[in-house]
Amino acid sequence: MVRPVEEQFAILTRGAAQLETADELKRKLAKSVATGVPLRVKYGIDPTGFDVHLGHTVPLRKLRQFQELGHTAVLIIGTATAQVGDPSGRDDSRVGLTPEQIDANAASYLTQIAKVVDVTKAEVRPNGEWFRHFDFASMLKLLGSMTMQRMLERDDFSKRLKSNTPIYLHECLYPLMQGHDSVEIRADVELGGTEQLFNLMVGRNLQRDAKQEPQVAFTMPILRGLDGEKKMGKSLANYVGLAETPREQFGKTMRIPDGLMREWFTLLTSREPGEIDAILAGKPNEAKKLLGADIVAGYHGPAAATQVLDDWRKQFEVGGDPDVIPEVTIPAGELVDGAIPAAKLLALAGLVKSNGEGRRKCDEGAFNFGPDRAKPADFKAAVTVTDGLILRLGRAIIRVRLG
RNA sequence: GGGUAGAUGGCAGAGCGGUCAAAUGCACCAGACUGUAAAUCUGGCCUCUCACGAGUACGGGGGUUCGAAUCCCUCUCUACCCA
């Protein structure tokens with residue numbers, strides 16, 4: 001049942017960015033195989049917002065691989081660290097959250113993470129568990145384990161220092177807290193994005209201080225977002241969320257730059273490198289559809305992927321309407337003689353943010369409705385609204401329900 | 001503790017008493033072209049209004065003025081220099 005060391009090592013290091021150190025991982029794997037004791041693989045996530053996105057799944061997928069090989073996933077929910085805010089990869093400081101927000105977010109995260117990792121088999125540990133009782137003497141000891149110089153060496157801080165962006169003292173606490181988590185749970189491996197390297201290395205040091213065998217710092221590449229440039233992030237609006245509908249996930253994927261496909265295939269699907277080469281050698285458009293379908297299949301199942309692909313063809317290749325159309329309910333009371341002025345209708349349907357934008361879009365000829373794709377004469381032209389009417393604005397399409 | 005310079009729309013960054021809902025760039029939305037890619041061209045990008053127009057908005061508060069993003073006071077925050 002247990003796979004041999006070399007095989008495990010080969011599977012695990014695929015797609016990895018950097019390991020500190022690869023030899024240590026091999027040794028730990030060998031020991032695990034010999035003793036039958038699974039490795040404890042840590043991954044921490046701070047409950048700072050609601051949407052878990054594809055960027056998070058890169059290390060999470062790796063975590064699942066560890067699980068599949070029989071190792072123990074230890075998910076740290078950063079209930080304590082979320083109050084500090086991770087300075088990694090930030091060029092400004094984060095705002096601390098209230099305990100209530102943190103609890104709500106934590107619950108939501110777990111359900112979302114469950115789509116990638118087997119949460120039922122994982123050890124889930126909020127780090128408030130130990131930090132809640134952390135006394136001042138322990139804090140002093142923790143702070144005494146690192147020098148200011150080393151803290152300032154880290155990339156994020158040195159950049160902010162140079163650009164005169166504030167660095168708050170409590171932010172320096174973050175890596176130490178994360179490192180201490182590793183001591184608490186006796187981690188063998190800690191997963192993270194490459195921007196986590198500093199934090200992961202701190203964990204190694206603290207473990208050494210605590211006379212533990214240091215964890216392997218295992219970093220995965222950072223996934224770039226829809227723009228193809230910046231890191232996928234919740235604050236950048238360039239992400240695909242795990243909780244989004246198949247249509248949204250697929251649509252967003254279709255809009256990524258072609259050059260991003262290899263990265264996404266590699267980090268987000270289980271396709272083999274040779275297979276990816278073959279796919280990318282073909283038509284880019286076909287490759288991208290496949291990528292989108294792969295992603296949708298992972299979070300909504302194969303049937304949803306087939307459906308969304310079919311719908312895409314209907315809407316954009318044939319020029320018809322998809323089978324699955326999002327719906328919006330408009331109060332029947334808004335109708336005057338069974339109709340609503342075009343601009344207002346767009347706003348009510350949520351296709352535009354304001355009546356003014358609705359007017360502009362009508363003027364631009366971006367709006368049409370119904371089976372014959374009629375366009376209103378102008379933005380105040382009354383559009384007869386019946387239950388089930390289809391509205392189209394650009395690539396958006398929505399079905400109106402009267403309520 | 002003392003001094004200096006700053007705080008403008010999602011971001012960057014002009015404006016420095018009326019002609020400012022605020023140049024320009026990026027981002028974003030739509031149209032043409034297309035593969036919901038790239039490139040290119042066009043239009044748009046605070047809210048309400050058919051429109052005239054009105055209301056909000058240039059860190060918070062107060063003041064001067066017929067009139068302030070622009071001047072003064074004060075508060076908050078930031079950077080830099082000195083201690």
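These numbers come from the heavy atoms of this one structure, side chains and all, not from hydrogens, waters or symmetry mates.
- Applying the 3.5 Å distance criterion, the base of B:rG44 shares no donor-acceptor pair with the side chain of A:E364.
- From A:K26, atom NZ reaches atom CZ of A:F9 across 4.5 Å, with rounding to the nearest 0.5 Å.
- Of the residues in residues 390-399 of chain A, A:G394, A:R395 come within less than 4.0 Å of RNA chain B through at least one heavy atom, sorted by number.
- Going from the C1' atom of B:rG10 to that of B:rC28 covers 9 Å, rounded to whole Å.
- Remark: A:E24 does not engage A:K31 in a salt bridge, criterion side-chain N to carboxylate O under 4.0 Å.
- In the interface, the side chain of A:D258 is paired with the base of B:rG35 through a donor and an acceptor atom under 3.5 Å apart.
- The partner of B:rC41 is B:rG31, by the rule that a Watson-Crick or G-U pair needs both atom distances under 3.5 Å.
- B:rG15 and B:rG25 are spaced 16 Å apart, taking the C1' atom of each and rounding to whole Å.
- The phosphate of B:rU47 (OP1 or OP2) has no side-chain N or O of A:N355 nearer than 4.0 angstrom.
- Nucleotides B:rU36 and B:rU19, compared at atom C1', are 43 Å apart to the nearest Å.
- Taking the charged nitrogens against the carboxylate oxygens, A:E20 and A:R204 have no contact shorter than 4.0 Å, which rules out a salt bridge.
- For the P atom pair drawn from B:rU70 and B:rA38, the interatomic distance equals 41 Å after rounding to whole Å.
- Using a 4.0 Å heavy-atom criterion, one finds that A:F379 contacts the sugar-phosphate atoms exclusively.
- Aromatic rings from A:F66 and A:Y43 are positioned such that their centres are separated by 6.0 Å or more.
- The stretch residues 314-325 of chain A touches RNA chain B through A:F316, each having a heavy atom within less than 4.0 Å of the strand.
- If you check distances only, the side chain of A:R247 never reaches the base of B:rU36 with a donor-acceptor pair under 3.5 Å.
- Distance check on atom P: B:rG2 versus B:rA14 gives 30 Å, rounded to whole Å.
- Nucleotides B:rU42 and B:rG55, compared at atom C1', are 31 Å apart to the nearest Å.
- Note on A:K288: a base of the nucleic acid sits closer than 4.0 angstrom, heavy atoms only.
- Using a 4.0 Å heavy-atom criterion, one finds that A:K380 contacts the sugar-phosphate atoms exclusively.
- Side-chain atoms of A:N238 and A:R224 form no donor-acceptor pair, as typed in the model, at a separation below 3.5 Å.
- B:rU24 and B:rU34 have their P atoms separated by 31 Å, given to the nearest Å.
- Atom name P, nucleotides B:rG35 and B:rG43: the rounded distance is 25 Å, in whole Å.
- Of the residues in residues 250-257 of chain A, those lying under 4.0 Å from RNA chain B by heavy-atom distance are A:G251, A:M254, A:R255, A:I256, A:P257.
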